[in-house]
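Order of the sequence lines fixes the chain letters, A, B, ..., with proteins taken first and strands second; residue numbering starts at 1 for each chain. Because the structure is a prediction, the values reported are computed rather than measured.
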Amino acid sequence: MAGWLVKSEPNTYSFEDLQKDGRTVWDGVRNNAAALHLRAMKLGDEVLFYHSQEGLAVVGVARVSREAFPDPSDPSARFVAVELEPVRALERPVTLAAMKANPALADMAMLRQSRLSVSPVKADEWAAILQMARAG
DNA sequence: GCCAACGTTGGC
DNA sequence: GCCAACGTTGGC
């Protein structure tokens, strides 16, 4: 089972919004590298939910509830969307600063390419982040 | 608000 | 097909 990370500006759509909605269409991705990752997402894959601009932290875990389909917001039909549902909020947010400070995450895709809005998370990186969410 | 990183566009 | 110009994202 693959792990992923998506970014969202909480001003626009926060993890709390996802919990309130129960599920959401993850559309609007207009970047080929990010779209490639969207296409690779499988039903049931878990997704770290990161707040960009404000918060700057992973705040929750979501799950892919529908695999890639044509993005309804894309008139050119070149890009895809998935559907996400909330799993749970992290006990404590894992901040960008903390992730940067953790050598285990040095190779993490989102850190290496900060503008990538959808990125893969390796199993060991996933475990490290969840550990950080538990530890002080 | 600024700037670095990076993707896209368009002239040649 | 190259590359300069431009737009967008996102951290600081």
Practice prompt. For each nucleotide in nucleotides 6-11 of chain C, reading 5' to 3', give B when a protein heavy atom comes within less than 4.0 Å of its base, S when such contact involves only the sugar-phosphate, and - otherwise.
Written response: -BBBBB

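- Expressed to the nearest 0.5 Å, how far OG1 of A:T24 lies from OH of A:Y13 amounts to 3.5 Å.
- Applying the ring-ring contact (aromatic ring centres under 6.0 Å, His included) test to every pair with at least one member in residues 88-122 of chain A, sequence neighbours left out, gives no pairs at all.
- How far CG of A:L84 is from CZ of A:F49: 8.0 Å, rounded to the nearest 0.5 Å.
- Atom OG1 of residue A:T95 and atom NE2 of residue A:H51 lie 14.0 Å apart, to the nearest 0.5 angstrom.
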Donor-acceptor pairs under 3.5 angstrom involving side-chain atoms of residues 102-111 of chain A: please list them, not counting sequence neighbours.
{"from": "A:N102", "atom 1": "OD1", "to": "A:A104", "atom 2": "N", "distance (Å)": "2.9"}
{"from": "A:D107", "atom 1": "OD1", "to": "A:R112", "atom 2": "NH1", "distance (Å)": "2.6"}

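- Contacts between residues 31-39 of chain A and DNA chain C, defined by a heavy-atom separation under 4.0 Å, are absent.
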When the side chains of residues 62-71 of chain A are checked against the rest of the protein, which donor-acceptor pairs come out under 3.5 Å, sequence neighbours left out?
{"from": "A:R63", "atom 1": "NH1", "to": "A:E85", "atom 2": "OE2", "distance (Å)": "2.8"}
{"from": "A:S65", "atom 1": "OG", "to": "A:E83", "atom 2": "O", "distance (Å)": "3.2"}
{"from": "A:E67", "atom 1": "OE2", "to": "A:L43", "atom 2": "N", "distance (Å)": "2.8"}
{"from": "A:D71", "atom 1": "OD1", "to": "A:S73", "atom 2": "N", "distance (Å)": "2.7"}
{"from": "A:D71", "atom 1": "OD1", "to": "A:S73", "atom 2": "OG", "distance (Å)": "2.7"}
{"from": "A:D71", "atom 1": "OD2", "to": "A:G28", "atom 2": "N", "distance (Å)": "2.8"}
{"from": "A:D71", "atom 1": "OD2", "to": "A:R30", "atom 2": "NH1", "distance (Å)": "2.9"}
{"from": "A:D71", "atom 1": "OD2", "to": "A:S73", "atom 2": "OG", "distance (Å)": "3.4"}

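- Screening residues 31-46 of chain A for side chain to side chain donor-acceptor pair (under 3.5 Å), with sequence neighbours left out, gives A:W4-A:D45.
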